[in-house]
Amino acid sequence: MLDGFVPYPDSFAIKYKERGYWRDKTIGDEFDEFVARYWNRVALSFQGQPVSYGQLGARVNRLALHFVNLGLKTYDRMIFQLPNEPEAIYCFYAAVKIGVIPIAALPAHREAEISYFARFTGARAHAVPSGGKEFSHQGLSRKIRQQAPELAYTFVSGPGVDEDFISIAGLLEDRIEERVSVEALKKYRPDPMEPAVFQLSGGTTGVPKVIPRTHNDYSANYRRAAELTHMGVDSVMGIAIPINHNFAMSSPGFLGTLYSGGRVVPVASTKTEAVFEAIEKEKITVMPTPPALLIRWMESEALSHYDLSSLEVVLAGGAKLSSEAAKRIKPLLGCDFHQNLGMSEGMLFWSRRDDPEEILLNTQGAPMYADDEIRVVDENDRDVPPGETGALLVRGPTTIRGYYNSPEYNKKAFTADGFYRTEDIVRIIRGRYVSVEGRSKDTINRGGEKISAEEVENHILAHPKVENCAYVAMPDRQLGEKGCAFVSLKANRRLSFDELIRFLKTQRRIAAFKMPERLELVREFPMTKVGKIDKKELRRIIAGKMLINS
Ligand code: AMP
């Protein structure tokens, strides 16, 4: 077993297998099956270029053979920063087929994050895009390799690959299967009970947490999500959100779409026109999206310039969809919607298309499996009376039992009997539908992208002029929330917003989406009775200011 992985207890594993949620197949086994079944159908299209299931199968096998030939081994880790393009999907399946664990990073991550992932997981490979005028991911990989000597391979998509790095296109052109039989891959088949993918948590701590999803539980996740969202051979999923997000990958994501024989269309931009153009040209039928993007589409003037009639359904998740916005989907986009409360740690809730309207509009749906267990508790972990508000605890066949390599943190994040503490404040309606009412975790939900306040505070505190700081969510009409930094300075110091951003960018090298979008200088912080900075009060103060300014 992989060191640092918390397995499911045997009694639960046996039950989940007996009930058919877990099938003891690897994601690679399922890949081989659906490739054979849908061989002549189109699996992917990107910028007008179709790729059949047969071609997808051949490309994935070829890459997997190259990976093992180069020296990658089962349970090695590979940091994925590839953008929304077919190479991301080829590399993903090639890796999981031989048990190499993709770490689902984002192209937007920078040195602070990638260096941490590399060192924390002992990653041996890094997959990056070559392009980009503003930022060189190849330059980033070079720096990381100096800090993390175990990182021995950089795989690069696109043209202009540095000499000592490995071109993915180059590997795809080299027909290794003519020299080494594809049968050789069998030797590398991982155990379905072991981690297949490392998802990442926006988390509430100083560093992101690594979420190990096994073949069994991840497959249970995308198969059931695909079923509940009616994915089938005629489904065409457009993916404009980052392809490595759990939502885009497995809820039901590209994994669930391909499993169902549908077609995946990676969309390279989240710009409204680019998305509309892709829907029109590729006849996209389903789009996963956070409410922020969805609202932008619905409010766009471009709406009347494109034919979006192929769109059957949007999957809204990652942040709360207001019932007002939900009501506008059908009239403006002409399609249905599913609400989804999702978390990379596992449990998914979905509204069903035949749910009563009041449930569809006002809740984030019900769990996927009969053995998804949920509890809503007060601050002493006692169940609240039915229908009352409390903290959501979850356990089930798609929910992890612990973060990777984090024994101390796991004691806090999970109950002794294995429930994950979501830190979402919810109410259960009619005994099974969840309504998210808030959260107790110290995060900022920027249009569905989660930011740990503590992580950014630690970077701000490293500024020599800063005495103390608190990072809180401020309301934003488009994104829902953005980050606002309240900062007190050391005596006789001044700090401008631009100076702070420059410092975070050049000295701390964090991803742009985590950066504060406003700086509030204060002499003193409001404090709670127990002597902590009163963030609730800070959120109230900044929300008030935003209201006055708007
Ligand atoms: P992530 O793992 O990044 O997807 O973040 C999971 C968290 O996002 C959940 O625990 C919630 O706090 C939040 N979240 C996801 N979907 C929704 C939703 N539909 N409504 C409200 N919050 C959501």
Side-chain angles (χ1 to χ4, degrees), residues 104-106 108-109 113 197-205 208-213 218 221 225 229 241-253 288-295 314-323 325-326 329 337-351 355 359-368 372 374 376 389-394 398-400 403 413-414 419-429 433-453 455 473 479-481 511 513-514:
L106 302 174
H109 282 136
E113 292 91 9
V197 179
F198 279 174
Q199 270 295 343
L200 299 167
S201 132
T204 51
T205 50
K209 289 276 164 284
V210 172
I211 301 168
R213 302 296 302 269
Y218 220 38
N221 197 97
T229 55
I241 57 173
I243 201 154
N244 289 333
H245 265 182
N246 189 54
F247 194 14
M249 193 176 269
S250 75
S251 314
T289 172
L293 270 188
L294 185 59
I295 290 167
V314 286
L315 312 178
K320 180 143 175 169
L321 178 71
S322 68
S323 57
I329 296 174
F337 64 92
H338 285 278
Q339 293 220 37
N340 162 241
L341 164 62
M343 54 203 80
S344 310
E345 285 80 359
M347 181 134 355
L348 299 184
F349 297 72
W350 287 102
S351 60
D355 279 336
I359 293 292
L360 260 178
L361 291 174
N362 297 307
T363 80
Q364 284 63 60
M368 298 203 296
D372 274 334
I374 58 178
V376 181
T389 300
L392 176 68
L393 309 182
V394 296
T398 66
T399 305
I400 60 163
Y403 291 103
F414 295 82
F419 279 82
Y420 164 58
R421 297 182 188 277
T422 66
E423 296 187 78
D424 288 318
I425 306 299
V426 305
R427 215 153 48 83
I428 300 297
I429 294 170
Y433 299 100
V434 70
S435 166
V436 180
E437 306 286 316
R439 61 173 184 260
S440 58
K441 50 194 160 193
D442 195 5
T443 51
I444 292 144
N445 189 340
R446 188 182 187 279
E449 202 71 75
K450 314 305 178 307
I451 305 166
S452 154
E455 183 185 339
L479 291 169
E481 294 177 11
F513 69 84
K514 295 182 183 171

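Fair warning: this is a prediction, and the values are worked out from it, not measured in the lab. Throughout, residue positions are numbered sequentially from 1 according to the sequence presented. Numbering of ligands and ligand atoms starts at 1, following listing order.
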Problem set entry | Heteroatom distance test (Gly318, ligand 1): nitrogen or oxygen, under 3.5 angstrom | yes
Problem set entry | For Phe349 against Ile374, the heavy-atom pair lying closest together | CZ-CG2, 3.8 Å
Exercise. Does even one non-hydrogen atom of Gly342 get within less than 4.0 Å of ligand 1?
Worked result: yes
Exercise. How does Val436 reach ligand 1, by side chain, by backbone, by both or by neither, if only non-hydrogen atoms under 4.0 Å count?
Worked result: side chain
Exercise. Tyr420 vs Tyr403 aromatic rings, parallel, tilted or perpendicular, using cut-offs 30° and 60°?
Worked result: perpendicular
For this session: Name the closest protein heavy atom to atom 19 (N) of ligand 1, giving the residue it belongs to and the distance to 0.1 Å.
Result: Asn340 O, 2.8 Å
Exercise. If you take all heavy atoms of Glu437 and Arg427, which pair is closest and at what distance?
Worked result: OE2-NE, 3.5 Å
For this session: Indicate yes or no: does Glu481 engage Arg439 in a salt bridge with an N to O separation below 4.0 Å.
Result: yes
For this session: Name the closest protein heavy atom to atom 9 (C) of ligand 1, giving the residue it belongs to and the distance to 0.1 Å.
Result: Asp424 OD2, 3.3 Å
For this session: Assign the ring pair His109 / Phe513 to parallel, tilted or perpendicular, where the plane angle (0 to 90°) is split at 30° and 60°.
Result: tilted
Problem set entry | Proximity winner for atom 18 (C) of ligand 1, if only heavy atoms of Gly448, Ala319, Ser435 are counted | Ala319
Exercise. Does Thr289 reach the side chain of Leu294, with side-chain heavy atoms less than 4.5 Å apart?
Worked result: yes
Exercise. With a 4.0 Å heavy-atom cut-off (strictly under), which part of Glu449 contacts ligand 1: side chain, backbone, both or neither?
Worked result: neither
For this session: Say whether Glu423 and ligand 1 are in contact under the criterion: heavy-atom distance to a ligand atom below 4.0 Å.
Result: no
Exercise. What about Lys441: any of its N or O atoms under 3.5 Å from an N or O on ligand 1?
Worked result: yes
Problem set entry | Val210 side chain near Leu200 side chain, heavy-atom distance below 4.5 Å | yes
Exercise. What are the atoms of ligand 1, with element, lying closer than 4.0 Å to any heavy atom of Met343?
Worked result: 2 (O), 6 (C)
Problem set entry | ligand 1 contact by Lys450, heavy-atom criterion under 4.0 angstrom | yes
Exercise. Would you say the side chain of Ile429 lies within less than 4.5 Å of the side chain of Asn362, judging by non-hydrogen atoms?
Worked result: no
For this session: Before signing off on this row, confirm whether Gln364 and ligand 1 have an N or O atom pair separated by under 3.5 Å.
Result: no
Seminar exercise, completed: One should read off an interatomic distance between Ser323 OG and Leu360 CG, to the nearest 0.5 angstrom, of 12.0 Å
Problem set entry | Distance from atom 21 (C) of ligand 1 to nearest protein heavy atom, with residue and atom | Lys320 N, 3.3 Å
For this session: Check each heavy atom of Ser201 against ligand 1 and say whether those closer than 4.0 Å belong to the side chain, the backbone, both or neither.
Result: neither
Problem set entry | 4.0 Å heavy-atom contact, Gln339 with ligand 1 | no
For this session: Taking the side chain as every heavy atom from C-beta outward, state whether Lys441 and Lys450 have any pair of such atoms under 4.5 Å apart.
Result: no
Exercise. Are any of the heavy atoms in Asn246 under 4.0 Å away from ligand 1?
Worked result: no
For this session: Give the residue and atom name of whichever protein heavy atom lies nearest to atom 23 (C) of ligand 1, and the separation in Å to one decimal.
Result: Leu341 CD1, 3.6 Å
Exercise. So do Thr422 and Met347 actually touch side chain to side chain, heavy atoms under 4.5 Å?
Worked result: no
